[in-house]
**Student:** 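Have a look at this one.
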Amino acid sequence: MPEGRAEHYPGPIHQPPVKAGTVHDGQAVDALHAHHPKLQHHFDAMEQQAEASTLGMWVFLVTEIMFFGGLFMAYLVYRSASPAAFQEGSAHLSIGWGAFNTAVLIFSSLTMAMAVRSAQIGRPAKTQVGWLLATMALGATFLGVKVIEYSDKFRHHIVPGPFFDASQWEHPAGVEMFYSLYFCMTGLHALHMIVGIGIMTVIAIMAWRNQFDADYYTPVEVSGLYWHFVDIVWIFLFPLLYLIGRHYHG
Amino acid sequence: MFTNFPFFPQAASAQASQIDAVFFFMLAVSGFFSVLIAALVVIFAFKYRRRHDDEIGEAIHGALALELLWMFIPFGITMVMFAWGAKVFFDLYRPPAGAMEIFVVGKQWMWKVQHMDGQREINELHVPVGRTVKLIMGSEDVIHSFYIPAFRVKADVIPGRYNTLWFEATKPGTYHLFCAEYCGTKHSGMIGWVTAMEPAAFEAWLSGGRAEDSPVAAGQKLFQDLVCVTCHTPGAQARGPILTGLWGKQIELQGGGKVTFDEAYIRESIVNPQAKIVAGFQPIMPTFQGLVTEEQLLQLIAYVRSVAQQPAEAAPAGAGGAAAPAPEIKR
Amino acid sequence: METLNYLNDGHGLASWLLTKDHKRIALLYLGSITAFFAIGGFFAMLVRLELLTPAGDLLASETYNKMFTMHGVVMVFFFLIPSIPATLGNFLIPIMIGAKDLAFPRINLLSWYIYMLGGIFTMVAALSGGVDTGWTFYTPYSTAAANSHVITAALGVFITGFSSILTGLNFIVTIHRMRAPGLTWFRLPLFVWAHYATSLIMILGTPVIAITVLMVAAERVLHLGIFDPALGGDPVLFQHLFWFYSHPAVYIMILPAMGVISEIVQAFSRKNIFGYSFIAFSSLAIAVIGFLVWGHHLFVAGQSVYAGMLFSILSFMVAIPSAIKVFNWTATMYKGSVWLQSPMLYAIGFVGLFTIGGLTGLFLAAMGLDIHVHDTYFVVAHFHYIMVGGAIMGYLGGLHYWWPKITGKMYPEPWAKLAAAIVFVGFNLTFFPQFVAGYLGMPRRYHAYPPEFQVWNVLSSAGASILAVGYVLPLIYLIHSLFYGARAATDPWGAKGLEWEIPSPPPTENFEITPIITHGTHQYEPSKEVGIA
């Protein structure tokens, strides 16, 4: 969409109201351009609305990068100060569960992309809903694994704070710092996943009610962007938290 | 109130005049530009005031030459200000060799000062005139800031590390000492006095106080009481590194990396011994976090430093041995 | 019979509290921002009353510490940051670009509710005993030692941050995607440029303070120890994270005001702004460079001297774009047709006071000098010159300039001129003596102080009482004008801009038909025609 859309209106200053069935600027005005039921009153055209929504979501994702960024900065500072402690803490995390969760999320991004695609090309509602439910199920699986991991930490007194058992560690202060960051970063990430699943529920309901078509699938698309972002955050968290100093023994 | 109101602070240190010079330069430049802009705006407001209702201004859109001029002139001036300010900071940042050291501990809400020969002060600091003085400062709780306006020196005092500041007093007198970082309820009560004295008077003051252990002697006592000597001793029992001759050296650490043997490393090794273990040693040193106060830490550091500054061949002062050499610490 | 406009298009509380109209949302913000300004001013009043005498005899230490903290928190987060963007920005940006509303009207309303929720949290913190950490929440005092309502206040700030983020997001998308046909970037009003740059800072900086105060709250509640030295944590890390946002935040506070001044100076010199593209680019430059200077708050914290030098040189460089603006505004008045109405008085006041405030910032950027004046009243004076002498005067000037458009009524001009003069005099008397006290060595946040500082404090408090009068007057006559003011014309000032082409007050949809723009919206040459359908 060109800036200012001046090219679409090269003619006279006056812009007459546009009615379906007429000809405007050499183009037949179809029902879409007259008004799509989902066109909000302050936008001039569906494309403008869609682009605004997508740009809005991208801007929001930039804010999310900055939000997580503060924690990544703290991680950077403390890991360079105590590399051995961080390695010790990381070694206790289950690489099996971490890798499984990574695969789960990557796969969920695939199902999400399929959901967006199915809405875009006008597949039946139950196909769209199917892909969305698959995404949600994978997200829930991820969260279930996190519950397993977190409860293991609770049981072994690895949670920072007054119940942290320092005696099991060579570098107790640094390991406690590692786990402080572990819980903050994965906790914040998990919170975002929960919100993501909530958003998927709403989108699934909208899809079930046949609200999406080739000209209006923006909600699915921007939810997809959000979901992919949450996935990408995990792609960073996994090696930074789970893979410090790990070697392949093969 | 109206009988005593200074406009400008006393300048009682060699550093003060450097800082005041920067200040006056910036004051002159700022004054010039403020007056210039204010005058132009007022003059234009009157000279070009609207004379009838449909009057419009002359169509002047801009002038590239003028824009560049008033970009580059301020840029040049600000770069001079930057360079000058940075130079002054640099000079104030590095204490000269041979400075007289004094330990300072800030805690809510008082300053504890410890001279190297044993004199202790609370909320007061006595210093000689004409001698460079270096303060090594730590905090027991929250962030404070040690500020002597008349000397134009200030440094934050932060828990978990040491900051230093140095000055050379030039005028005998008594000057304000303030805490300059908000630290809680009695922040504005965490104030005191710095007294600069002629060298002879200072010596007299120093020897006139209660005879107390120098920090080095007190530190030696702690070294014995806390049985540090059990591991840090030569012989079959040597589970910890021998400390003689290490001062200022680069120490090889377990897992690669090096650290300089200085006050900060000594402190860290006492409160968080697992953080930087010397290569070739086991991580068995217990932590003394919570078992020693900041002041005691400074005393231990003074003692360990005195040992570390001895040449490596000499036997360290062991338990019950002679006191360490007098602390006129050369750097 | 009144014509239909956004004010009478729908009656009843629900039509206001559930509105999607950016103009009504702007008024919702106007009301709450005024209320928070009064609250923040109340705290300031108690501070200045206490400081009349050297002894701490009016308030207990703890109470005083809470007063200056709450003054800072309320004024920064609930007044200065939202003020111009949420009121004037919300109202004017769609109109100035020829749009019917912002890109996301419901998110706009949500922004206001989030702002109010954050405000409620903060007021709960205040009423249940207050918080005493300073608005800067430095660790480890805030995480380990403070006995006050840190978590509630921190959550209030956290929540309100999202209001800021959503407003910035809305503005960015709106300016990118909803400009009228023919309205290219370099035909935009400078008010819009200023808000675009501000929005960039809002979206990039605010999330960082959000996560930082969340970490402080987490440390207090869960004893995590991220900033606790006993666990190897670094209290200075908090300062880096805090100032990474809070320095750019001050540009959030001043850039919109600069946008207002650009508009007022043009309108009341009846002349195109001198150096349009320089002013536009300088807004962007301030936004970018502003993110690179935060370490100048840490010169004496033990930061590496080389890092300090980097921050110092960048801090000097960030002053240059501001200087460019000041010179361009002054040059705009040259051979203009200057009309000294109250908005222009505020604008001229801004130019003078912002110049002083900005120049004193240079004193602080010079590392060696900062050693002496850091954490003294010199800093307090510096930032009040910018925020009160600058931002608030810009806000008042803009409020007066666009009042006829927003309300359809004219305020009484003689009273407005009087108020502007009182504000100017009161302001200088309040804050200039603080420069002197600061260089003398009076530290900030002091409940009691040595007697030699008293005369400066008395002058300052006297000025504050005059300044208060100057702020109360507009409250009275502006509200009075709502009922008894003369009806305003479409273009009472004879100014240019799309907002002056539509009725006062505007209809709900702003424009019946999207205008086509053929040249810049602020052209004062008599030969060109106005570019609107």
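Just so we're on the same page: letters track the sequence lines, and every chain starts at 1. This one's a predicted model, so the numbers in the text were calculated from it and none came from an experiment.
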**Student:** What part of C/T136 is in contact with chain B, defined as an atom under 4.5 angstrom from a non-hydrogen atom: side chain, backbone, both or neither?
**Tutor:**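 Neither part.
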**Student:** Is there side-chain contact between C/L362 and B/M81, with at least one heavy-atom pair below 4.5 Å?
**Tutor:**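 Contact flag for C/L362/B/M81 side chains = yes.
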**Student:** Given a strict heavy-atom distance threshold of 4.5 Å, which part of C/A267 is in contact with chain B: side chain, backbone, both, or neither?
**Tutor:**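 C/A267 touches chain B through backbone heavy atoms alone.
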**Student:** Highest number of heavy-atom pairs under 4.5 Å with chain C: which of B/F151, B/F33, B/F75, B/F44?
**Tutor:**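 That would be B/F44.
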**Student:** Answer with side chain, backbone, both or neither: which region of B/I148 has an atom nearer than 4.5 Å to a non-hydrogen atom of chain C?
**Tutor:**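 Looking at B/I148, nothing touches chain C.
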**Student:** Please evaluate residues B/H187 and C/Y446 with respect to the criterion side-chain contact (heavy atoms from CB on, under 4.5 Å), reporting the C-alpha separation (whole Å), side-chain torsions for both, the decisive distance (0.1 Å), and the verdict.
**Tutor:** CA-CA 7 Å; B/H187 166 60; C/Y446 261 38; 3.3 Å; yes
**Student:** For C/V236, is it the side chain, the backbone, both, or neither that has a heavy atom closer than 4.5 Å to a heavy atom of chain B?
**Tutor:**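 Contact with chain B involves the side chain of C/V236 alone.
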**Student:** C/I273 versus chain B, heavy atoms under 4.5 Å apart: side chain, backbone, both or neither?
**Tutor:**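 Backbone only.
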**Student:** Any chance you could measure C/F278, atom CZ, to B/E67, atom CD, to the nearest 0.5 Å?
**Tutor:**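 Between atom CZ of C/F278 and atom CD of B/E67 there are 4.5 Å.
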**Student:** To the nearest 0.5 Å, what is the distance between CG (C/L359) and OG (B/S34)?
**Tutor:**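 Between atom CG of C/L359 and atom OG of B/S34 there are 5.0 Å.
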**Student:** Excluding sequence neighbours, so at least two apart, what forms side-chain contact (heavy atoms from CB on, under 4.5 Å) with C/K325?
**Tutor:**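 Checked C/K325 against side-chain contact (heavy atoms from CB on, under 4.5 Å); matches are C/L255, C/M258, C/I279, C/S282, C/S283, C/I286, C/W329.
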**Student:** With a 4.5 angstrom heavy-atom cut-off, is it the side chain or the backbone of B/Q289 that approaches chain C, or both, or neither?
**Tutor:**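 The answer is the side chain of B/Q289.
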**Student:** Which bit of C/F378 is near chain B, if near means a heavy-atom gap under 4.5 Å: side chain, backbone, both or neither?
**Tutor:**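 Side chain only.
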**Student:** First locate atom NZ of B/K186, then atom CD of C/E62, and finally report the distance between them rounded to the nearest 0.5 Å.
**Tutor:**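 One finds 8.5 Å between NZ of B/K186 and CD of C/E62.
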**Student:** Tell me, out of B/A83, B/A86, B/C179, who's got the most heavy-atom pairs with chain C below 4.5 Å.
**Tutor:**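 With the most close heavy-atom pairs to chain C, the winner is B/C179.
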**Student:** Between B/Q108 and chain C, with a heavy-atom cut-off of 4.5 Å, which part of the residue counts as in contact: side chain, backbone, both or neither?
**Tutor:**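 Answer is side chain: those atoms of B/Q108 sit under 4.5 Å from chain C.
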**Student:** Could you tell me which portion of B/A16 (side chain, backbone, both or neither) has an atom closer than 4.5 angstrom to a non-hydrogen atom of chain C?
**Tutor:**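 Neither part.
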**Student:** Distance from B/I19 atom CD1 to C/M367 atom CE, nearest 0.5 Å?
**Tutor:**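 Reported value, rounded in 0.5 Å steps: 12.0 Å.
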**Student:** So that I know where these two stand, are C/Y439 and B/F7 an aromatic pair - ring centroids less than 6.0 Å apart?
**Tutor:**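 Between C/Y439 and B/F7, the centre distance exceeds or equals 6.0 Å.
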**Student:** If you compare all heavy atoms of B/N163 against all heavy atoms of C/A301, which two are closest, and at what distance to 0.1 Å?
**Tutor:**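 Nearest pair, atom of B/N163 first, then C/A301: ND2-O, 3.5 Å.
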**Student:** Compute the ring centroids of C/F68 and B/Y182, then answer whether they are less than 6.0 Å apart.
**Tutor:**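 Yes, the ring centres sit under 6.0 Å apart.
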**Student:** For C/I371 versus B/R152, what's the shortest heavy-atom pair and its separation?
**Tutor:**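 Answer, listing the atom of C/I371 first, then B/R152: CG2-O, 3.6 Å.
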**Student:** I need the minimum non-hydrogen distance between B/P6 and C/W456, along with the two atoms involved.
**Tutor:**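 Reported closest heavy-atom pair: O-NE1, 3.3 Å.
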**Student:** Could you tell me if the side chain of C/Y138 sits less than 4.5 Å from the side chain of B/V142, heavy atoms only?
**Tutor:**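 A side-chain contact under 4.5 Å is absent here.
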**Student:** Can you tell me which portion of B/I158 sits under 4.5 Å from chain C's heavy atoms? Options are side chain, backbone, both or neither.
**Tutor:**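 The side chain, not the backbone.
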**Student:** With a 4.5 angstrom heavy-atom cut-off, could you sort out which part of B/V41 is near chain C: side chain, backbone, both or neither?
**Tutor:**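 Contact with chain C involves both backbone and side-chain atoms of B/V41.
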**Student:** Less than 4.5 Å apart, any side-chain heavy atom of C/F274 and any of B/L66?
**Tutor:**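 SC-SC contact between C/F274 and B/L66 confirmed.
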**Student:** So which of C/M309, C/K335, C/M333 has the biggest tally of heavy-atom pairs under 4.5 Å with chain B?
**Tutor:**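 Of the candidates given, the most pairs with chain B belong to C/K335.
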**Student:** Looking only at heavy atoms, which two atoms of B/P74 and C/I320 are closest? And how far apart?
**Tutor:**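 Taking B/P74 first and C/I320 second, the nearest heavy atoms are C-CD1, 3.7 Å.
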**Student:** Around atom CZ of B/F90, are there more than 12 heavy atoms of other residues, nucleotides or ligands at under 6.0 Å?
**Tutor:**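 Counting neighbours around CZ of B/F90, more than 12 heavy atoms of other residues, nucleotides or ligands fall under 6.0 Å, so yes.
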**Student:** What part of C/S269 is in contact with chain B, defined as an atom under 4.5 angstrom from a non-hydrogen atom: side chain, backbone, both or neither?
**Tutor:**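 Only the backbone of C/S269 comes within 4.5 Å of chain B.
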**Student:** To the nearest 0.5 angstrom, please state how far the CZ atom of B/F24 sits from the CG atom of C/L369.
**Tutor:**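 CG of C/L369 is found 10.5 Å from CZ of B/F24.
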**Student:** Count the heavy atoms belonging to other residues, nucleotides or ligands that lie under 6.0 Å from NZ of B/K87, then report whether that count exceeds 12.
**Tutor:**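 Result for NZ/B/K87: open.
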**Student:** With only heavy atoms counted, which part of B/D20 is less than 4.5 Å from chain C, the side chain, the backbone, both or neither?
**Tutor:**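 Contact with chain C involves both backbone and side-chain atoms of B/D20.
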**Student:** Evaluate side-chain contact (heavy atoms from CB on, under 4.5 Å) for C/E452 paired with B/H176, printing each intermediate quantity in order.
**Tutor:** CA-CA 11 Å; C/E452 67 257 38; B/H176 282 299; 2.7 Å; yes
**Student:** Taking the basic N atoms (NZ, or NE/NH1/NH2) and the acidic carboxylate oxygens, is any pair closer than 4.0 Å for B/K154 and C/D370?
**Tutor:**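 No, no charged N to carboxylate O under 4.0 Å.
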**Student:** What I'd like to find out is whether the side chain of C/M317 reaches to under 4.5 Å of the side chain of B/T78, using heavy atoms alone.
**Tutor:**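 Contact flag for C/M317/B/T78 side chains = no.
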**Student:** One pair to check against side-chain contact (heavy atoms from CB on, under 4.5 Å): C/T330 and B/I37. What are the steps and the verdict?
**Tutor:** CA-CA 7 Å; C/T330 311; B/I37 297 289; 4.2 Å; yes
**Student:** In the structure I gave you, are the side-chain heavy atoms of C/S312 and B/F89 within less than 4.5 Å of one another anywhere?
**Tutor:**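 No, too far: nothing below the 4.5 Å cut-off.
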**Student:** Check whether any side-chain heavy atom of B/P159 lies under 4.5 Å from a side-chain heavy atom of C/P140, and answer yes or no.
**Tutor:**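 SC-SC contact between B/P159 and C/P140 confirmed.
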**Student:** Taking every heavy-atom pair that is under 4.5 Å apart, which of B/L92, B/I143, B/V29 has the most such pairs with chain C?
**Tutor:**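 So the answer, after comparing B/L92, B/I143, B/V29, is B/I143.
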**Student:** Any idea which heavy atoms bring B/R161 and C/Q303 closest together, and the distance?
**Tutor:**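 Shortest heavy-atom contact: NH2-N, 4.5 Å.
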**Student:** So for B/F23, is it side chain, backbone, both, or neither that comes closer than 4.5 Å to the heavy atoms of chain C?
**Tutor:**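 For B/F23, heavy atoms of backbone and side chain both lie under 4.5 Å from chain C.
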**Student:** If I compare all heavy atoms of C/Y306 with all of B/R94, which pair ends up nearest, and what's the gap?
**Tutor:**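 What the structure gives for the nearest pair is OH-NH2, 3.6 Å.
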**Student:** For C/Y334, look at atom OH and say whether over 12 heavy atoms of other residues, nucleotides or ligands are found less than 6.0 Å away.
**Tutor:**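 Check fails, neighbour count at 12 or below.
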**Student:** Report yes or no: does B/S188 contribute a side-chain atom to a donor-acceptor pair with the main-chain N or O of C/H447 at less than 3.5 Å?
**Tutor:**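 Yes; judged by distance alone, with no hydrogens or angles, the pair exists.
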**Student:** Shorter than 4.5 Å, heavy atoms on both sides: which option in C/G302, C/G134, C/A146, C/A331 has the most such pairs with chain B?
**Tutor:**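 So the answer, after comparing C/G302, C/G134, C/A146, C/A331, is C/G302.
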**Student:** If you round to the nearest 0.5 Å, how far is CH2 of C/W339 from CZ of B/R51?
**Tutor:**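 B/R51 atom CZ to C/W339 atom CH2 measures 15.5 Å (nearest 0.5 Å).
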**Student:** Establish, from distance only, whether the side-chain atoms of B/Y147 and C/H374 form a donor-acceptor pair under 3.5 Å.
**Tutor:**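 No.
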**Student:** With respect to chain B, which residue among C/F327, C/Y64, C/F268 yields the maximal number of heavy-atom pairs within a distance under 4.5 Å?
**Tutor:**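 Winner by heavy-atom pair count: C/F327.
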**Student:** Checking side-chain contact (heavy atoms from CB on, under 4.5 Å) for the pair C/S337/B/I56: CA distance, chi angles, key distance, verdict?
**Tutor:** CA-CA 5 Å; C/S337 170; B/I56 63 171; 5.6 Å; no
**Student:** Evaluate the side-chain proximity of C/N328 to B/W70: yes if any heavy-atom separation is below 4.5 Å, no if none is.
**Tutor:**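 Yes, their side chains come closer than 4.5 Å.
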**Student:** Is a side-chain donor or acceptor of C/R444 paired with a backbone partner of B/A180 at a separation under 3.5 angstrom?
**Tutor:**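 No, because the side chain of C/R444 does not come within donor-acceptor range (under 3.5 Å) of the backbone of B/A180.
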**Student:** Counting heavy-atom pairs closer than 4.5 Å to chain C, which one of B/Y162, B/F8, B/F46 comes out on top?
**Tutor:**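 That would be B/F8.
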**Student:** Side chain from CB out, backbone as N, CA, C, O: work out which of these in C/T133 comes under 4.5 Å of a heavy atom of chain B, or both, or neither.
**Tutor:**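 The backbone, not the side chain.
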**Student:** Specify which of B/V88, B/T185, B/T164 makes the most heavy-atom pairs with chain C at under 4.5 Å.
**Tutor:**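 Between B/V88, B/T185, B/T164, the count favours B/T185.
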**Student:** Are the side chains of B/P9 and C/H372 in touch, meaning some heavy atoms are under 4.5 Å apart?
**Tutor:**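 They are in side-chain contact.
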